[in-house]
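All values below come from the heavy atoms of this structure, side chains included, with hydrogens, waters and symmetry mates left out. In listed order, ligands and their atoms are each counted from 1.
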Amino acid sequence: MSNKDKTAKIQQIDVKVEKASNAANTSKKINLLDFTSEKLKDFLVERGEKAFRATQLIKWIHQSCVDDFNKMTNVSKALRSNLQETTEIRAPEVILDQASADGTHKWLLKLEDGNCIETVFIPEKGRGTLCVSSQVGCALDCTFCSTARQGFSRNLTVGEIIGQVWIAKRSLQPDANTDRVISNVVMMGMGEPLLNFDNVVDAMKIMLDDNAYGLSKRRVTLSTSGVVPALDRLRNEIDVSLALSLHASNDPLRDQLVPINKKYPIKVLLAACKRFMEGKASRERITIEYVMLDGINDSDQHARELAFTLRDIPSKVNLIPFNPFPETRYKRSPLKRINKFRDILTAAGLIVMTRKTRGEDIDAACGQLAGKINDRSRREQHFARIEQET
Ligand code: SAH
């Protein structure tokens, strides 16, 4: 090889290495959305910065929803350029933003690895509730839930969980000084939050942080199908409200509908809920979620049995009319049946509400979040494999 050729080859390699390291740099930038106030403080102090800078940054990021360091005018130029080099504020990418006729809003968000998740905003009189996902897919296999059909892919990072709140706030409330639009967050989107424990707890800490979203602990609700050991851990970690996806009045029925019941049956689960509520004002009552499935769990006998099961649990029962999805074997209970079921519970002294079904025209209703794009890409992969094999 001549010297000239050698030089050309070396240059080529250099270019490749530079390209590779650029790519590595962008993907390796630290995402500031992953940090709670405490963690951001530690991060900055380790780099020789003052702790109060963390408060300034948290306010810019979560109160003003700013992702451009140049706009953070009270932060020193030196720190800004330092942050610019090594960090970023990286939320998932919005690939679909749909508004329903009833004001419900749904975002389809694409994550860096190509997976998709969904987030829903439900406006009601005097409040606005954001329904946030905690995992890509779900491992729990509840038979009436469309997310379960998708299987489990992975846990969301803190940045991907709080990023949903960030995106929704930025879209619904572009001016940080206007009244708060998102007043409540429910961890009722895709996934089982207690199976992504650390990231969900950190994301909820940011929701409660006065310098970030400043939500009241009564207005941040974790919904679980009942992972008992994690529920016991949760009570020592953070003070939020709890919703329990009960859906059945006895174990054989719950074993069928919510298979994790085989591991943590109703008695064990309700005892854990009682422990969770002990001594906390924000945990006065637990929300019991009960999906109304025609001919499955909606008889008078089920209602009486449910009232008995909940007799010493301070609770409010939320009846959820089943939201159908393609290929489901279940049907929604007729309204008359739901009302009768409600009346039996009310007569037994329980507080009962029937959840209004919202956003049906955009598949945004409870249990309909399946990340359709995921399904499609999987199916495509599947077909591609079949084609290759044949
Ligand atoms: N894994 C958590 C949170 C996600 S589901 C949990 O189980 O609580 C949020 C709520 O929607 C749960 O109560 C769930 O049981 C309910 N749900 C799921 N599929 C549904 C459907 N098709 N119709 C109505 N509610 C559904």
Can you find a non-hydrogen atom of [X] under 4.0 Å from ligand 1?
X: A148; value: no
X: S134; value: no
X: H247; value: yes

Per-atom contacts of ligand 1 with [X], taking only distances under 4.0 Å to non-hydrogen atoms:
X: N323; value: 21 (C), 22 (N), 23 (N), 24 (C)
X: T224; value: 6 (C), 7 (O), 8 (O)
X: C145; value: 18 (C), 19 (N)
X: E289; value: 10 (C), 12 (C), 13 (O)
X: I320; value: 24 (C), 25 (N)

What residues form a side-chain contact (heavy atoms from CB on, under 4.5 Å) with R154, not counting sequence neighbours? L111, D113, N115, V136, L156, E160

With a distance cut-off below 6.0 Å to the six-membered ring centre and an angular limit of 45° from the axis, does R47 pair with F43 as a cation-pi contact? yes

Aromatic F325 / basic R149 pairing, under 6.0 angstrom, 45° off normal: no

Using a 6.0 Å cut-off, check whether atom CD of E85 has over 12 heavy atoms from anything other than its own residue. no

Heteroatom proximity flag, [X] to ligand 1, N/O under 3.5 Å:
X: F322; answer: no
X: S146; answer: no
X: G191; answer: yes

side-chain hydrogen bond (donor to acceptor under 3.5 Å, both in side chains) with W166: which residues, sequence neighbours excluded? none

Decide whether D251 and N261 meet the rule of one side-chain donor and one side-chain acceptor closer than 3.5 Å. yes

Report the C-alpha separation of R337 and D300 in whole Å, then their side-chain angles, then the decisive distance to 0.1 Å, and conclude whether the salt bridge (Lys or Arg N to Asp or Glu O under 4.0 Å) test is met. CA-CA 9 Å; R337 179 93 298 271; D300 290 358; 2.7 Å; yes

Side-chain donor or acceptor of T224 paired with backbone N/O of G226 under 3.5 Å: yes

